[in-house]
Amino acid sequence: MNIDNYLEKNGHSEELRDLIKIIVDQIRPIKNEFLGGDKKSGTYNIYGEKQIKLDKRANEILLMAFRNSKLVKQVGSEEEEEAIQMDSDKGHFGVTIDPLDGSSLIPTNLAVGIIFSIYENGDIMSGLKNITQAFYVLLGPMTLMVFADKSGVSQFIYNDKGAFDLVKENIIIPEGNLYSPGGLRKEWTDAHRDLISGFEENGFKLRYSGSFVPDFHQVLVYGGIFSYPALVDKPNGKLRLLFEVGPMAFIAEKAGGGATDGKIRILDIIPAEIDQRVPLYIGSKKLIEGIKI
Ligand code: P6P
């Protein structure tokens, strides 16, 4: 079964299925851009992070596809300063994208990801509780898609015909002992330091590549916790609420896990700004329930 059959089986609208088809059709063009190498673009995104050509190309490819589809009313992209309003006489979706998360790792051939969330109400700033679907594409030894909707989380593998075939349904995050600590040790708060020391004393295994999608995916598969905490001089941490944290929090909860900023449930947050950052603890249910930072 491919993802379109899966979406039809799960009762999704023709418009949503068309939107997912359009996104799937951009994976090959984005992967092909990798062949050109990671040429510097000489520009910086609004977070002051150096953009490489691939970040911008992936962003352009996805935005063009959304614009031509007429299915998307509003797009928020990590590579854009503002939300983009689009002509959408065929649909009404709000979409957030991190077009190429972890791209600084591409020169080392480590896994990177593309992160999406969909708001059927068409408003990406209306609150994370209004996310209706969230998914990521993990570009690693295999190209995988993990897709979450109200019925749960499923995994698909990209085949040689450019389609995603279903490989696993009803994915549940197990309790486990992997941890990704995030940030620089010297910038940790005492509370985060104590939490990480507790994991280490309990024999947790450190797994941290610097790329959120694969680092989260291993927690989804084996169980444990990924964190990118508040830091001494960065109380909101590093990860972007709309483009990275919200979609993953939706996926984690639909897989029976949890996600918090250390105080509140991520999906209870209503974004104040499009570029809002939040601290993040995400993973196995019991571990997240125990987080009070
Ligand atoms: P650091 C990539 O830039 C990213 O946003 C996430 O993919 C990743 O988890 C994090 O930053 C890594 O940040 O500070 O460890 O390089």
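Just so you know, ligand 1 is whichever comes first in the structure, and atom 1 is the first atom listed for that ligand. Residue numbers count from 1 along this sequence.
- A salt bridge links Glu200 and Arg185; the closest N-O separation between the charged side-chain nitrogens and carboxylate oxygens is under 4.0 Å.
- Under 4.0 Å is where a charged nitrogen must lie from a carboxylate oxygen, and between Lys70 and Asp89 no such pair does.
- Aromatic ring centres of Tyr281 and Tyr228: separated by at least 6.0 Å.
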Given His217 and Phe212, is the ring pair (Phe, Tyr, Trp, His ring centres under 6.0 Å) satisfied, shown in steps?
-> CA-CA 8 Å; His217 191 70; Phe212 185 24; over 10 Å; no
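- Scanning the protein for heavy atoms near atom 5 (O) of ligand 1, the closest one is Glu244 OE2, 2.8 Å.
- Under a 4.0 Å criterion applied to the non-hydrogen atoms of Arg240, ligand 1 contributes the atoms 5 (O).
- When each atom of ligand 1 is checked for a heavy atom of Phe226 under 4.0 Å away, the hits are 9 (O).
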Should Tyr6 and Ser154 be marked as a side-chain hydrogen bond (donor to acceptor under 3.5 Å, both in side chains) after you check the CA-CA gap, both sets of side-chain angles, and the distance that decides it?
-> CA-CA 9 Å; Tyr6 172 85; Ser154 295; 2.7 Å; yes
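- From the protein, the heavy atom lying nearest to atom 8 (C) of ligand 1 is Gly210 O, 3.3 Å.
- Note that the CG atom of Asn59 and the CD1 atom of Ile114 stand 11.0 Å from one another [nearest 0.5 Å].
- Residue-level proximity to ligand 1 for Leu184 is absent, since no heavy atom of it falls below 4.0 angstrom.
- Shown in contact with Ser211 at under 4.0 Å from a heavy atom are these atoms of ligand 1, numbered in order with element: 7 (O).
- Residue nearest to atom 1 (P) of ligand 1, selected from Glu78, Arg277, Lys238: Lys238 (by heavy-atom distance).
- Listed by atom number, the atoms of ligand 1 under 4.0 Å from Phe212 heavy atoms are 6 (C), 7 (O), 8 (C), 9 (O).
- Note: Phe147 and His12 have perpendicular aromatic rings, judged against thresholds of 30 and 60 degrees for the angle between ring planes.
- Tyr228 OH, 2.7 Å is the protein heavy atom nearest to atom 14 (O) of ligand 1.
- Put simply, part of Asp101 is less than 4.0 Å from ligand 1, judged by heavy atoms.
- Between Phe164 and Tyr158, the ring centre distance stays below 6.0 Å.
- Applying the 4.0 Å criterion to heavy atoms of Tyr208 picks out, from ligand 1, the atoms 1 (P), 12 (C), 13 (O), 15 (O).
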